[in-house]
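Structure first, commentary second.
Predicted model only: the values in this text are computed from it and were never measured. We count residues from 1, following the sequence as given.
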Amino acid sequence: MRSFGGAFASMKQGLPVLEGADMILYIACCTEDGGIMSCSLDDEGRLSPIGMAHLDRPMYLARDGRMLYALLRAPFEDGSGVAALEAEDGRMTDLGDCQPTHGKVSAYLCIYGGRTYTANYISGSVTRMPDRLAMHSGSGPVSGRQSSAHPHQIIPTPDGRYLAVADLGNDAVYTYDGDLRERARTRLPAGCGPRHIAFSADGAYAYAICELSSEIAVMGYHDGRFSLERMVRTLPSSYTGESTAAAIRILGNELFVSHRGYNAIGHFRIDGASVSKVTDTPCGGDWPRDFLIAGGKLVVCNERSGNVAVFRRRGGVFAEQACSMACPAPLCVIC
């Protein structure tokens, strides 16, 4: 497997932030006849399609210079795989280099120490490619969602020494070394379903977005170990409908989360263990799964409505929608 190299440096901060006009974005379109859509984002927040690399159900993307990597849902009879492409200025060439993750419905990939790691949601494992696995066990109380372990994300810790894994199925956050030897395990409240983690700028705190309870688990972090400090509700108290949280991103002292069902991006201020609500930005579609901030714009992937919406920042918040571009089942956007 080719190394992702410099992709590690951009991924570990959790939120790409770019300046200038006409940036190139890559969007994973998770349908059988979908693939990776490239487009340009101009200074006014307008998206213009450039091309499409046809791949079967990409779940997540990562870049390393001219190399673009796609985590595919099921290219193999027994599970997921990672495909490699060359990408420059939005033009993509599939290199025909797809390797198995040895897991089913792999949902996340990252680079640590020059190696490729994936979180394998259905099979309850994490992989260091090509073939080292760590299996998770256990379950949670939410029927239909927590009958077994479901690792959803694997990312490097900010000290560069470990890997953190959020497991939605057994309500735990794991820490591993580069050989997938377990360093520590932190239990979170039963039924919360931790999905993704982001770290504070100083690396002293971690914030796990919990998909099932729509809460942020605020944890202290030091030397591979997490300590739960508080749980913070992310939905308005007046909202009583169904909703599941998805992505979490941090930019300085600002934290953002996406809500599927409530259909908004939540905006918070953070200061260590303190988390305070700023506002909610309606997502411009249905089922916002992933998002990024690029050049002062908020770019949101709305999976069910099949569109990517862009919002401009005014008065410190993303209140003005600049455009909406059709895109089949967008699951992930990177730059």
Side-chain angles (χ1 to χ4, degrees), residues 25-39 41 45-47 49 52-61 70-74 80 104-108 119 121-122 142-146 150 152-153 166 168-169 193-196 209-215 234-236 239-249 256-267 279-294 297-311 318-334:
L25 306 182
Y26 296 88
I27 302 164
C29 305
C30 191
T31 63
E32 291 185 1
D33 58 352
I36 305 171
M37 176 184 290
S38 61
C39 58
L41 175 67
R46 294 183 294 256
L47 290 169
M52 173 75 83
H54 292 283
L55 295 167
D56 182 1
R57 291 169 293 173
M59 300 285 290
Y60 206 80
L61 305 174
L71 185 59
L72 306 184
R73 182 182 178 95
S80 300
K104 294 183 178 179
V105 189
S106 301
Y108 203 94
Y121 183 81
I122 293 297
V142 179
S143 176
R145 295 301 310 277
Q146 293 188 308
H150 293 309
H152 213 304
Q153 184 201 45
L168 183 148
R195 177 186 172 101
H196 282 187
I209 187 62
C210 297
E211 176 175 333
L212 304 182
S213 66
S214 293
E215 294 176 294
T234 59
L235 293 171
Y239 182 77
T240 58
E242 294 186 2
S243 190
T244 56
I248 183 168
R249 304 285 186 265
F256 302 85
V257 300
S258 58
H259 296 107
R260 300 171 297 180
Y262 180 53
N263 285 343
I265 307 299
H267 181 181
T279 191
D280 289 318
T281 298
C283 67
D286 185 17
W287 217 249
R289 180 165 176 134
D290 193 27
F291 62 92
L292 62 77
I293 292 176
K297 316 297 186 302
L298 171 66
V299 183
V300 183
C301 290
N302 294 308
E303 181 181 359
R304 289 186 177 174
S305 54
N307 73 301
V308 176
V310 181
F311 300 85
F318 294 101
E320 180 182 348
Q321 184 168 340
C323 82
S324 177
M325 181 184 73
C327 182
L331 261 60
C332 172
V333 55
I334 66 170

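A donor-acceptor pair is defined here as one N or O able to donate and one able to accept, closer than 3.5 Å; no such pair exists between the side chain of Asp56 and the backbone of Leu72. For the pair Ser243 (side chain) and Arg260 (backbone), a donor-acceptor distance under 3.5 Å is present. Although no hydrogens or angles enter the test, the distance criterion places no donor-acceptor pair under 3.5 Å between the side chain of Tyr262 and the main chain of Ile265. Within the 3.5 Å criterion, the main-chain N or O of Gly285 finds no donor-acceptor partner in the side chain of Ser305. A donor-acceptor pair is defined here as one N or O able to donate and one able to accept, closer than 3.5 Å; no such pair exists between the side chain of Glu320 and the backbone of Phe311. Of the possible polar contacts, none joining the Ser258 side chain to the Asp290 backbone as a donor-acceptor pair under 3.5 Å is found.
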Practice prompt. Evaluate the criterion side chain to side chain contact (heavy atoms under 4.5 Å, CB included) for residue pair Ile36 and Ile27; output intermediate values, then yes/no.
Written response: CA-CA 5 Å; Ile36 305 171; Ile27 302 164; over 6 Å; no

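Here the closest non-hydrogen pair linking Cys283 and Ala309 is O-CB, 3.5 Å. Residue Cys327 comes nearest to Cys29 through the heavy atom pair SG-SG, 3.2 Å, listed as atom of the first residue, atom of the second, then distance. Across every non-hydrogen atom of Thr234 and Ser214, the tightest pair is OG1-O, 2.8 Å. Across every non-hydrogen atom of His152 and Tyr108, the tightest pair is O-CB, 3.5 Å. The minimum heavy-atom distance linking Pro288 with Ala246 is given by the pair O-CB, 4.1 Å. Leu47 approaches Cys323 most closely through the heavy-atom pair N-SG, 3.5 Å.
Counted by atom type alone, His267 and Thr281 present zero donor-acceptor pairs between their side chains at under 3.5 Å.
Between Arg57 and Asp33 there is no salt bridge, since no side-chain N of the basic residue sits under 4.0 Å from a carboxylate O of the acidic one.
In this structure, Val310 and Met325 have side chains that are not in contact, with every pair of non-hydrogen atoms separated by 4.5 Å or more.
Residues forming a side chain to side chain donor-acceptor pair (under 3.5 Å) with Glu215 (at least two apart in sequence, or on another chain): Ser213. Evaluation of the salt bridge (charged side-chain N to carboxylate O under 4.0 Å, His left out) rule for Arg73 yields no partner, not counting sequence neighbours.
For the side-chain hydrogen bond (donor to acceptor under 3.5 Å, both in side chains) test with Asp286, the passing option among Asn263, Asn307, Asn302 is Asn263; the others fail. Shown are Leu292, Ile293, Ile209, Leu298; of these, the side chain to side chain contact (heavy atoms under 4.5 Å, CB included) with Phe256 is made only by Ile293.
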